[in-house]
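Order of the sequence lines fixes the chain letters, A, B, ..., with proteins taken first and strands second; residue numbering starts at 1 for each chain.
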There are 2 protein chains.
Amino acid sequence: MLKLTRKVEYSLIALRHMQGKSIDSVSSTKEIATRYNIPLEILAKTLQHMAKENIIEAINGPRGGYRIKAKLKNINLAEFFEKVEGPLGLSDCFYDANCMQIEYCNIRTPIQRINANMINMFRSMSVQDITN
Amino acid sequence: MLKLTRKVEYSLIALRHMQGKSIDSVSSTKEIATRYNIPLEILAKTLQHMAKENIIEAINGPRGGYRIKAKLKNINLAEFFEKVEGPLGLSDCFYDANCMQIEYCNIRTPIQRINANMINMFRSMSVQDITN
DNA sequence: TTATATCCGATATAAATTGTCGGATATATT
DNA sequence: AATATATCCGACAATTTATATCGGATATAA
Ligand code: SF4
Ligand code: SF4
């Protein structure tokens, strides 16, 4: 409960890795995977996903790889998590409505409040706060 | 990612239900299950668990059921989640160490910080804030 | 004695997460 | 042009976690 997924962690590990390099140099999937002991294929998917979200950009071909494209300082954690994993919410009735209890639920409103607190907390931190 | 489990939700629903009744009256599993459309056996387990944690107490026999035992105002949400679901942590390396990346991980410390923020947020609210 | 309730280990099912495979496309280098 | 190295991407498999069910016990009010 309340855990980050590996995909998010791998994304952050990769971003931090790239952040430590000069702006124009690229990092290949293999380089990152071996460096941090991450399964290659999964990391590949993860990086492709971040590229599609314009957080990083892909350079094809040999000597290719990825480099950071967005300003990490301007992406807050709530945004980032949503880009990588989809909608955030302590309960899924906040963005989807197939809960058997929804009609009788007596805690939906209070949990909404906690949810808002949590999201605000993530909004108050940028990706750069982690990768620096 | 970052979702409460049903067990936690069922616990809170039940607590809120009991809170709305007079101090000495008890609520049976069946009563709560039918009222909120929760699978009976699961709710039973959930209530047993809370009883073992001394949050509620069980009254056996016919006309039995559960009633609130602890001061909900004095249980903060972090405590409560831990009682119901076990240790809290955005990553499991914070209370368990079988992560393939742990030796090379470059984000462990920053994530610890976020984790602390999250736990503090939950500590700042009591169960009663939800059940009231 | 009976009916209604909790108790609780074992097991089954479902869903989400995590990881793998196969084969495609792009491009720098030779 | 050929080759090697890289990203790309859909489909699939395995694993783990969460959710739900079953069977049979114990406690007690009526
Ligand atoms: S139980 Fe209540 S809060 Fe939880 S998902 Fe269902 S409606 Fe939302
Ligand atoms: S990847 Fe890093 S932060 Fe995540 S569990 Fe492993 S060691 Fe901890």
How long is the line joining CD1 of A:I59 and P of C:dT27, in whole Å? 10 Å

B:K69 and B:E53 ion-paired at < 4.0 Å: no

Measure CG/A:N98 against P/C:dA14 and give the value in whole Å, please. 16 Å

Pairs meeting criterion ring pair (Phe, Tyr, Trp, His ring centres under 6.0 Å) with involvement of residues 78-103 of chain A, two or more places apart: A:F81-A:F122

Nucleotides bounding contact with chain B, strand DNA chain D, heavy-atom threshold 4.0 Å: D:dT19 to D:dA29

Taking pairing as Watson-Crick or G-U wobble with both contacts under 3.5 Å, can you name the mate of D:dA30, or confirm there isn't one? C:dT1

Does B:D92 come within less than 4.0 Å of A:K3, counting only side-chain N to carboxylate O? yes

Protein-nucleotide distance (B:I42, atom CD1; C:dA15, atom C1'), rounded to Å: 13 Å

To the nearest angstrom, how far is A:L2 atom CG from C:dT17 atom P? 13 Å

Rounded to the nearest Å, what distance is computed from the CZ atom of residue A:R6 to the P atom of nucleotide C:dT17? 13 Å

Would you say the side-chain atoms of A:N37 and B:E103 include a donor-acceptor pair closer than 3.5 Å? no

Nearest whole Å is fine: how far is C:dC8 P from B:L40 CG? 16 Å

Taking atom types as they are modelled, is there a donor-acceptor pair under 3.5 Å from the base of C:dG9 to the side chain of B:K45? yes

By nearest-nucleotide position on DNA chain C, the 5'-leaning member of B:E41 and A:G61 is B:E41

Are B:I107 and A:M125 grouped together when hydrophobic residues (ILVMFWY) are joined by side-chain heavy atoms under 4.5 angstrom apart? yes

Is it true that A:V8 and A:M1 fall in one hydrophobic cluster, defined by side-chain heavy atoms closer than 4.5 Å? yes

Within the structure, does a side-chain N or O atom of A:Y10 lie under 4.0 Å from either OP1 or OP2 of C:dT17? no

